[in-house]
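Structure first, commentary second.
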Amino acid sequence: MAEDVYPVPAEWQAEAGVDASAYEAMYKAARSDPDAFWLEQAGRLHWTKAPTKAGEWSFDEANFGIRWFADGTLNVAANCIDRHLAERADTVAIIWEPDAPDEEPKRFTYAQLHAEVCRFANVLKANGAKKGDRVTIYLPMIPEAAFAILACARIGAIHSVVFGGFSPDAIAGRIEDCDSTLVVTADEGRRGGKRVPLKANVDAAVARASSVNRVIVVKATGADVAIGERDRWYHEEAAKVAADCPAEPMNAEDPLFILYTSGSTGKPKGVLHTSGGYLLWAAYTHELAFDYKPGTVFWCAADVGWVTGHSYILYGPLANGATTLMYEGLPNWPDASRIWQVVDRHQVHTLFTAPTALRALMKEGDAPVHATSRASLKLLGSVGEPINPEAWRWYHDVAGDGRCPVVDAWWQTETGGIMIAPLPGATALKPGSATRPLPGVLPQLVDEKGEVLHGATSGNLVIAGSWPGQMRTVWGDHERFFQTYFTTYPGKYFTGDGCRRDEDGYYWITGRVDDVINVSGHRMGTAEVESALVLHPRVAEAAVVGMPHDVKGQGIYAYVTLNAGDEGSAELREELRQHVRREIGPIATPDALQFAPGLPKTRSGKIMRRILRKIAEGEVSSLGDTSTLADPAVVDDLVANRAG
Ligand code: WT7
């Protein structure tokens, strides 16, 4: 197969912090003496007590556990703000770009960020939050989201950010799972000119989740919302407190945040990250993968409700003293030039976005891109799902005018930050490949039995040893943590991804090998959508699989068996789609829904998803072996009535 290779551009080779030989040297150093390597890297942070130990971990059942820098103490918010004040109090920390282009952006210097975060921290304290408490944050992409998150870190409360697109039920489940006592929300959110009723959603969630005794409401749009006994307006509380709040000294292993993510079974897991290792990983990877240099504007166009927003809108860039851009809106609203106009308006140097956004923009043609300058852009990043080579080339050639390397960054909520990605000054690029591991990351490919595969090959992607940014547990269920990630291939962390490695040692992620689908870069457990569907009184059984989707990467294809005698209708199909949307949120809305009188099952009653996937993909001529089916005729009906 003839492959495109894009060598490191000459100016990157000359100016980047890490060139090819420095990368090789770092990779070797991290592998041969990880303790020395990571204790030195820990010097990136400001410790109130410097650690003397690096990684202390075991992936084996007998002495399972993961700790990093366990005798060090620090405060994450102080690392992201206070320690920059001496040198860059007046440097802009956060640029906030509003939803609508005719509104004014806001800028917060590090000194202003300090005051805002301290004030928010004092409001949290005055409303009962203390070290170790869980604070649920359900906010739109407004500056207060950053203040609230960092305020939690400042007082040692554990934040659990819930994406603003989730439903009341999904919020309630996440509040209940971690017994959150306090919720921070806003009257409404805005995105692409549309309003989201955040406060109303929280009211519905809190009616069920009894642990909550206080809801702090940020006035964002000024909408008329109900303010009950449990509620307090943020601006009224903020007026009562000081703009200074001491940073709580935290152990490196004290929890920093919980973030819920979907798995192949059961309800979403509360991925727990701790203070020292996570922050170091966010800072280290932000500098390395993006060759971050002071004075440049960094834009991660994600939502703070996802891990990408945690690590690359906030923690990584702020730990490095960067100017980070936070954008309230959508890349293609009011039109397909918007993302590039924002780049021009704020002279963005590095743009980090998702393939799904690129595919949506690509559809609009090149003219909206060419209507803008983009001269400030030097580096492009892609994250969240495999990037198809066509979208990669469009990003590189059209958006980046052929000048900007593309950093395709593979990682997961569980990994805390980037794991496999090119370094722009060190790694030649191949469209569609996340290329090579960062120093300190030990990927391996294994076969079904767990045998390690060598050379150019395909297999399941595991990580053979711990790294500082690794999640430490599933909140409230350490056993589930061990079972989910460390039992498929004993002694190794299993990512859930399939992967190919080529002759040059480049990694090509091929996608999930479990029952998790990736819709527009967002992870969705098929089991969750199935659970939502069977809650409907007319549904007897449901099976959900991924299907190819030209913008979302994967879409959601649902097979639904109705109660006996119920034939269904076009109206019911739409009602069920809306039902899932209400139960989970808009991102879970099925793209296709087929009424299936029966599902293909083995004689022992197990649904054969392999067959359902093939039908959803339209590959009906290659269904494979169907001889083990209890009733092979079921398949003919499914094929004949494929949802198109
Ligand atoms: C899953 C993790 C990474 C933060 C945002 C998503 C897929 C992620 C890539 C990439 C191919 C990718 C994987 C992974 N994924 N980045 N560059 N190339 N696949 O985090 O929701 O935890 O999802 O996203 O399948 O396992 P997440």
Side-chain angles (χ1 to χ4, degrees), residues 161 163 165-166 257-264 268-273 278 281-282 285-286 289-290 300-313 315-316 352-359 380-389 391-392 395 406-422 427 429-438 441 443 460-463 469-471 474 484-485 488 493-501 506-526 528 546 552-554 587-588:
V161 182
F163 173 59
F166 277 122
F257 67 84
I258 301 167
L259 193 55
Y260 287 86
T261 193
S262 299
S264 47
K269 296 182 283 283
V271 168
L272 184 91
H273 283 289
Y278 168 80
W281 196 252
T285 55
H286 171 255
F290 300 108
C300 168
D303 191 288
V304 287
W306 308 111
V307 74
T308 310
H310 283 55
S311 300
Y312 300 107
I313 297 176
Y315 287 120
F352 191 28
T353 190
T356 185
L358 299 172
R359 288 189 297 261
L380 301 168
S382 171
V383 62
E385 48 175 321
I387 181 165
N388 47 311
W392 194 103
Y395 200 22
V406 174
V407 174
D408 176 4
W410 174 85
W411 58 295
Q412 311 177 294
T413 306
E414 292 89 337
T415 70
I418 296 169
M419 300 289 279
I420 303 181
T427 319
L429 307 173
K430 298 184 187 184
S433 172
T435 77
R436 300 180 62 194
L438 297 195
V441 175
N460 286 345
L461 179 64
V462 299
I463 311 291
Q470 185 170 25
M471 74 182 283
V474 170
T484 305
Y485 301 102
T488 319
Y493 167 79
F494 179 39
T495 63
D497 280 317
C499 185
R500 174 168 77 85
R501 186 174 47 220
Y506 277 43
Y507 289 82
W508 302 71
I509 309 293
T510 49
R512 303 288 304 196
V513 295
D514 51 11
D515 290 322
V516 169
I517 53 184
N518 193 321
V519 184
S520 301
H522 301 313
R523 225 158 112 170
M524 183 60 52
T526 53
E528 272 171 83
K552 299 179 181 181
Q554 279 189 299
I587 50 169

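Numbering of residues begins at 1 and proceeds along the displayed sequence. Just so you know, ligand 1 is whichever comes first in the structure, and atom 1 is the first atom listed for that ligand.
- Each of the atoms 11 (C), 18 (N), 19 (N) of ligand 1 lies under 4.0 Å from some heavy atom of P386.
- For atom 21 (O) of ligand 1, the closest non-hydrogen atom on the protein side is R523 CD, 3.4 Å.
- The single protein non-hydrogen atom nearest to atom 13 (C) of ligand 1 is D497 OD2, 3.2 Å, given as residue, atom name and distance.
- Applying the 4.0 Å criterion to heavy atoms of A409 picks out, from ligand 1, the atoms 9 (C), 10 (C), 16 (N), 17 (N).
- By the criterion of a heavy-atom distance under 4.0 Å, the side chain of N518, and not its backbone, is placed next to ligand 1.
- Atom 10 (C) of ligand 1 has E385 O, 3.5 Å as its closest protein atom, hydrogens excluded (heavy atom only).
- Looking only at heavy atoms of the protein, atom 22 (O) of ligand 1 is closest to T413 OG1, 2.6 Å.
- Atom 7 (C) of ligand 1 has its nearest heavy-atom neighbour, among G553, G511, G384, G381, in G384.
- Every atom of ligand 1 is numbered from 1 in the order shown, and the set under 4.0 Å from a heavy atom of T308 is 4 (C), 5 (C).
- Looking only at protein heavy atoms, the nearest one to atom 2 (C) of ligand 1 is W411 O, 3.7 Å.
- Ligand 1 has no N or O atom lying under 3.5 Å from any N or O atom of S382, backbone or side chain.
- Between the W281 side chain and the I418 main chain, a donor and an acceptor come within less than 3.5 Å of each other.
- Between the H310 side chain and the W306 main chain, a donor and an acceptor come within less than 3.5 Å of each other.
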